[in-house]
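So that the names make sense, note that chain A is the first sequence line, chain B the second, and so on, each numbered from 1. When reading the values below, keep in mind they use all heavy atoms of this one structure, side chains included, and skip hydrogens, waters and symmetry mates.
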Amino acid sequence: MGGEMEPMVCPSCGVKMNHHAEKLVLPTGRADVVDPVLGGIIEEMHACPACGTGASRRREPR
Amino acid sequence: MDAARPLYIPVILGTVRRGRLSLPVARLMEAELSRRAGIETELIDITRVPMPIDDAGEAIKDPTFAAQMSRADALVIVSPEYNHAYSGLLKHVLDSCLKEYIHKAVGVVGVSAGPWGGTRGIQDLLPVMRELGLVMIFWDVNFSVVQNVFDASGALRDEAYLPRIDKFLKELVWMAKTLRHGREQIALE
């Protein structure tokens, strides 16, 4: 993938979040840049160990 | 994990049909969840979730429903069986979110006017739940011949459902706690 990214920080309480899942999102637009091996875009799911807030971000394709 | 933080487990009433007999089922599930310590719940009636029908998917995400799904640790879906399947509008509402569901528990309560208690609709929901990232428990509750299960006021007439609901909720709460711990504490390697 695009290498290690910085940990996400909880938007609610500022604690470092836990990266617990990755979802392969299949592109729907011409402008979407996909991972050439996986054929889609990886969306990372993160959860806050302090308050439970969930957040996500898309990983840059390699 | 902050054990003092209550689990939030809303009940989704998955039909908009007028005269729906799934409403007393959903109210019963909400009441049974409310009786348990450490759990917060509410009834989410998909009739009240504003969804256009000239578009679909995450483009029509309702902010209130999305926030409820983000906050949820688990879901109870009350799903009547219509023509051997779940309701189309239930799928329409569920499809409006995705990342909000991932690694969260779900249990399905089937409802039917016939003898099978919505089992065919539950079976059809299984691959949908998996693709949404939800983790399905293996206990179901099946309300067969639902028109005979509640009286005209919506009160339960058949007490045999209560121990079945208890088994279902015990597994759902266990799964909700386990998955919350995993989401918040165990990193994907």
Query raised in the report: Does a sphere of radius 6.0 Å around CZ in Arg57(A) hold more than 12 heavy atoms from other residues, nucleotides or ligands, not counting ones at 6.0 Å or beyond?
Result: yes

Do the side chains of [X] and [Y] join up, straight or via other hydrophobic residues, at under 4.5 Å, putting them in one cluster?
{"X": "Ile12(B)", "Y": "Val25(B)", "result": "no"}
{"X": "Leu125(B)", "Y": "Leu134(B)", "result": "yes"}
{"X": "Ile39(B)", "Y": "Ile44(B)", "result": "no"}
{"X": "Ile122(B)", "Y": "Ile137(B)", "result": "no"}
{"X": "Met175(B)", "Y": "Leu33(B)", "result": "yes"}

Report task. Could you work out the complete set of other residues in the hydrophobic cluster of Leu188(B), with links drawn between I, L, V, M, F, W and Y side chains under 4.5 Å apart? Result ->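 None, because no other hydrophobic side chain comes under 4.5 Å of this residue.
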
Query raised in the report: Hey, what do you get for CD1 (Ile186(B)) to NE2 (His20(A)), rounding to the nearest 0.5 Å?
Result: 11.5 Å

**Report entry** Pairwise side-chain contact, Gln185(B) with Asn18(A), heavy-atom cut-off 4.5 Å (strictly under)
**Finding:**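 Side chain of Gln185(B) against side chain of Asn18(A), heavy atoms only: no contact under 4.5 Å found.
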
Query raised in the report: Under the side chain to side chain contact (heavy atoms under 4.5 Å, CB included) criterion, do Glu189(B) and His19(A) qualify, and how do the steps go?
Result: CA-CA 9 Å; Glu189(B) 297 193 6; His19(A) 175 197; over 6 Å; no

Requested in this report: Using ring pair (Phe, Tyr, Trp, His ring centres under 6.0 Å) as the criterion, list what pairs up with His92(B), not counting sequence neighbours.
Outcome: none

Requested in this report: For residues His103(B) and Ala21(A), report the shortest heavy-atom separation together with the two atoms involved.
Outcome: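 Between these two residues, the closest heavy atoms are CE1-CB, 3.3 Å.
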
Report task. Enumerate by number any residue of residues 54-91 of chain B whose heavy atoms lie under 4.5 Å from heavy atoms of chain A; in the absence of such residues, state 'none'. Result -> none

Query raised in the report: Salt bridge between Glu44(A) and Lys99(B), side-chain N to carboxylate O under 4.0 Å?
Result: no

Query raised in the report: Which residues in residues 8-17 of chain A have any heavy atom lying under 4.5 Å from a heavy atom of chain B?
Result: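 Contacts with chain B: none.
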
